[in-house]
Amino acid sequence: MLVFRLDRYLRGGDHYSFNQQGFAAIRFTEFREDFHHQHQNVRTENGIEYGDTPKFLDYDYVAHVARLNAATLASLASAPAPPAKVHLLTKDLENDSTITWEMSPGGKATQYEVLRRATTSPEWEHVQKVGSVLRTNSETFQG
């Protein structure tokens with residue numbers, strides 16, 4: 001399940017510093033974390049073992065995460081590069097927006113998509129497939 005908040009309350013995962021620098025990063029975690037074994041000094045108190053030790057590691061889970069990471073990296077590595085030199089043309093007073101770009105380096109891209117959102121939205125809301133063109137106008141998105 002993908003959770004859309006930075007991290008757990010009062011916590012910070014290793015992915016957070018990447019997010020702060022503008023990189024897409026995610027954190028894998030078990031569904032129900034056992035807080036006795038995280039960020040604790042190793043000790044036994046009132047019969048409860050505290051601390052992050054190999055004894056409490058779920059090796060099968062770690063193996064699944066490693067396989068998922070490897071598959072994701074392989075997929076990203078084989079993906080086309082984004083288009084080069086993307087520009088929003090602003091030479092005329094008009095209500096429409098025209099975007100131009102150069103072909104994706106490497107020649108792997110066969111078509112392009114333009115993402116758009118309201119100026120008040122923090123996330124992309126719409127995807128418009130524009131094909132193999134190197135220019136599009138906001139009139140394309142009407143309808």
Side-chain angles (χ1 to χ4, degrees), residues 1-43 45 48-143:
M1 170 182 0
L2 196 55
V3 177
F4 293 99
R5 70 175 189 227
L6 292 177
D7 207 338
R8 303 145 297 165
Y9 298 120
L10 303 176
R11 307 297 299 282
D14 295 336
H15 70 294
Y16 184 62
S17 59
F18 289 93
N19 291 144
Q20 287 180 310
Q21 296 299 315
F23 294 97
I26 59 173
R27 178 185 176 277
F28 291 97
T29 184
E30 298 176 56
F31 178 68
R32 290 268 184 227
E33 296 178 86
D34 186 340
F35 300 117
H36 293 124
H37 305 298
Q38 297 177 13
H39 309 289
Q40 298 280 345
N41 292 329
V42 176
R43 68 188 188 284
E45 199 171 280
I48 299 172
E49 293 182 76
Y50 291 90
D52 188 8
T53 64
K55 172 181 180 178
F56 302 111
L57 188 60
D58 182 341
Y59 290 94
D60 288 335
Y61 180 78
V62 172
H64 288 304
V65 170
R67 283 191 291 277
L68 179 60
N69 285 338
T72 300
L73 288 172
S75 177
L76 291 172
S78 65
K85 297 184 181 176
V86 178
H87 296 285
L88 174 65
L89 301 183
T90 57
K91 61 184 179 178
D92 297 318
L93 282 174
E94 58 185 346
N95 291 323
D96 293 322
S97 299
T98 299
I99 304 169
T100 64
W101 57 91
E102 290 183 4
M103 289 180 57
S104 170
K108 289 184 177 181
T110 58
Q111 66 175 341
Y112 299 96
E113 297 176 338
V114 175
L115 283 68
R116 62 188 171 92
R117 64 182 177 201
T119 57
T120 56
S121 176
E123 297 182 11
W124 299 112
E125 300 173 308
H126 308 281
V127 177
Q128 179 71 40
K129 293 183 183 214
V130 295
S132 60
V133 300
L134 300 177
R135 174 189 188 103
T136 192
N137 187 286
S138 60
E139 291 176 350
T140 306
F141 307 126
Q142 303 302 315

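Just so it is clear, the structure is predicted and the values come from calculations on it, not from any experiment.
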Side-chain heavy atoms of V86 within contact of I99, under 4.5 Å
yes
Give a yes or no on whether the backbone of A71 and the side-chain of S75 come within a donor-acceptor separation of less than 3.5 Å.
no
Is the backbone N or O of G51 less than 3.5 Å from a side-chain atom of H37, with the two atoms forming a donor-acceptor pair by type?
yes
Going from CG on L89 to CZ on R135, what distance comes out if it is rounded to the nearest 0.5 angstrom?
5.5 Å
Minimum heavy-atom distance Y112-S104, with the two atoms named:
OH-N, 3.0 Å
Crowded around D92 CG? As in, over 12 foreign heavy atoms under 6.0 Å?
yes
Any ion pair linking E49 and K55 (charged N to carboxylate O, less than 4.0 Å)?
yes
Do the non-hydrogen side-chain atoms of V42 and T53 ever get within less than 4.5 Å of each other?
yes
Atom OG1 of T72 and atom CG of L68: how far apart are they, to the nearest 0.5 Å?
4.5 Å
Taking the side chain as every heavy atom from C-beta outward, state whether D52 and F56 have any atom pair closer than 4.5 Å.
no
Sub-4.5 Å side-chain heavy-atom contact between E45 and Y50:
yes
Beyond-backbone contact of W101 with V133, side-chain heavy atoms, under 4.5 angstrom
yes
Show your reasoning for whether side chain to side chain contact (heavy atoms under 4.5 Å, CB included) applies to V62 and D58.
CA-CA 6 Å; V62 172; D58 182 341; 5.8 Å; no
Take atom CZ of R117 as the centre, draw a 6.0 Å sphere, and report whether it contains more than 12 heavy atoms from other residues, nucleotides or ligands.
yes
Can you see which heavy atom on P105 is nearest to which on P82, and at what distance?
CD-O, 3.3 Å
Has the side chain of R43 got a donor or acceptor atom that lies under 3.5 Å from a matching backbone atom of N41?
yes
If we only count heavy atoms from C-beta on, is the Y59 to P54 side-chain gap below 4.5 Å?
yes
One should read off an interatomic distance between E102 CD and K85 NZ, to the nearest 0.5 angstrom, of 4.5 Å
Would you say that T110 contacts S132 through its side chain, given a criterion of any heavy-atom pair below 4.5 Å between the two side chains?
no
How far does OG of S97 sit from CZ of R116, to the nearest 0.5 angstrom?
10.5 Å
pair T100-L134: side-chain heavy atoms closer than 4.5 Å:
no
Answer yes or no: are there more than 12 heavy-atom neighbours, outside F18 itself, under 6.0 Å from its atom CZ?
no
If the test is side chain to side chain donor-acceptor pair (under 3.5 Å), which one of N137, T90, T136 qualifies with T98?
N137
